[in-house]
Protein chains: 2
Amino acid sequence: MADASAKPRSTTRGAELRSLIGEEIMTGRISPGMALEEIEIAQKFGVSRTPVREAIRELAASGLVEIRPHRSAIVAKPSPERLRGMFGVLAELEALCAGLSALHMTDEERTQLQALHADLGALAENGDPKHYHRMNEQFHELIYVGSHNDYLAELTFATRTRLSPFSGTQFRARGRLKRSHAEHDRVVAAIMQRNQDAAVAEMRSHITTVEVTYERYVETV
Amino acid sequence: MADASAKPRSTTRGAELRSLIGEEIMTGRISPGMALEEIEIAQKFGVSRTPVREAIRELAASGLVEIRPHRSAIVAKPSPERLRGMFGVLAELEALCAGLSALHMTDEERTQLQALHADLGALAENGDPKHYHRMNEQFHELIYVGSHNDYLAELTFATRTRLSPFSGTQFRARGRLKRSHAEHDRVVAAIMQRNQDAAVAEMRSHITTVEVTYERYVETV
DNA sequence: GTATGCATTGTTGTATACAAGATTGAGCAG
DNA sequence: CTGCTCAATCTTGTATACAACAATGCATAC
């Protein structure tokens, strides 16, 4: 846990706390439904309540946190139905990104995507879920950027982020790494062939599988 | 401008200010690029700077406002390229809503949609752009809700909100009311026939027209 | 035993004061 | 005249104190 007391000239404590707390939520270290008590967080980071409040309000506006007037904010805990809706939207957004990437990615970006895809292939073989997970995020982000639609990339990234606590577990399912990589393969092929429709369909299918894998994993826990 | 000093039990000044300032931005009363000075806003609403800061951070996290460390926040002013990207995403999101509405809207919701559509028809004839604009928003929101995907509805509404300062002027273009209503007609027909593909296509086309109309209007100003 | 009322405690919402950074205007030099 | 420097001023970022609300625990009644 990095210390937020260091004070670079070009940022503020509130902004740093937003990143730090956001990261804790995204990685599941603070669980959905848990209360975010201002005093406790302020003491933990050695700051006053003010920047803590600011960070919490930003996290609330981006959906990771729910504010209750006169009561402590809590980490958002979506219902199963809402989660399904969110995964459905993520599938559509990522599909849209993939389709636009097929059309608009630069040659350099395509080369990067292929290199990263190859690296992920090696990881899928040696079975390191944590490392695969990190690079998997990079893979997806390359495709968001490759859409060359900033707003779409942001929206997709934000949606993915909100689903982070619920999808990061997917790679613990047996054999998931290899299947994930095979699905990526089809997406990459479509993008390289500049086939928008195929890219859309393969990515949509891939994300739908992520959701199904999560639901199955939860059933076994 | 409603006075924010009234203090209902179930809300906070910060939350009220967020709504009020957000409304000013959405309606274009505070223009893109304008600075939001905390002291000025606090004096205007008769509160301290604290809830003003909180409101501004929430508006920033939802994209309407850009925060600059140690300098006043400004109302977001997207580049033409970014605007195009946003309209493109809105078209896809609204299309998705319309397609899901074709499948999932309840009979009651469909009846409501038809009634609202008929009301809009009368307005399109008598040429009142402000009133049409308000009911047009209700029309679109009915379709978001009719998708029965909460997250999608929120995302679409948020995107639409952010584009509000840039699309609200469309109805000033000559003959736009009637054309808008004709486009709505095709969307409603597809939804009533539960034809997902047609609903998707017609709504996407409708929003694309909104964007084009905005760009043409700007060119004439 | 359970339910209700009330006081106490803990936390949030807001105002205010002070520190810190950015902006502006005046003075000086070339 | 223009450009640079510096001090004053303005605004933002944060800490702290106080007000207001919610939660908790205890006492009492049934």
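Only a predicted model underlies this, so the values are computations on that prediction, with no experimental measurement involved.
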Contact class for [X] vs. all strands (heavy atom < 4.0 Å): base, sugar-phosphate, or nothing?
X	answer
B/T50	base
B/I56	nothing
B/L36	sugar-phosphate

Report the distance from atom [atom1] of [X] to atom [atom2] of [N], rounded to the nearest whole Å.
X	N	atom1	atom2	result
B/I41	D/dT12	CD1	P	9 Å
A/E54	C/dT14	CD	C1'	13 Å
A/E40	C/dG10	CD	C1'	13 Å
B/I39	C/dT16	CD1	P	13 Å
B/I74	D/dT11	CD1	P	17 Å
B/H70	D/dT12	NE2	P	12 Å
A/Q43	D/dT14	CD	C1'	17 Å
B/R68	D/dT11	CZ	P	13 Å

Closest nucleotide among [options] to the [X] side chain:
X	options	result
A/E37	D/dT12, D/dT14, C/dT12	C/dT12
A/T12	D/dT14, C/dT14, D/dT12	D/dT14
B/R53	D/dT14, C/dT14, C/dT12	D/dT14
A/P51	C/dT14, D/dG13, D/dA15	D/dA15

Note to self: I need the minimum non-hydrogen distance between A/I25 and A/L64, along with the two atoms involved.
What the structure shows: CG2-CD2, 4.1 Å
Checklist line | Atom of B/T106, atom of B/E109 and distance for their closest heavy-atom approach | finding: N-OE1, 2.9 Å
Margin query: Looking at A/R13 and A/E54, is there a salt bridge between them, counting it only when a charged N and a carboxylate O are closer than 4.0 Å?
Written below: no
Checklist line | Carboxylate-amine/guanidinium contact B/E137 B/R160, below 4.0 Å | finding: yes
Check: Checking only heavy atoms, does the side chain of A/R71 share a donor-acceptor pair with the base of C/dG13 at less than 3.5 Å?
Finding: no
Next item on the list: Apply the test side-chain hydrogen bond (donor to acceptor under 3.5 Å, both in side chains) to residues B/N136 and B/H184: give CA-CA distance (whole Å), side-chain angles for both, the deciding distance (0.1 Å), then the verdict.
Entry: CA-CA 9 Å; B/N136 181 55; B/H184 283 181; 3.1 Å; yes
Notebook entry, point to check: Within the pair B/R49 and C/dA15, is there a side-chain N or O less than 4.0 Å away from OP1 or OP2?
Noted result: no
Notebook entry, point to check: With respect to the phosphate group of D/dG13, does any side-chain polar atom (N or O) of B/R57 fall under 4.0 Å of OP1 or OP2?
Noted result: yes
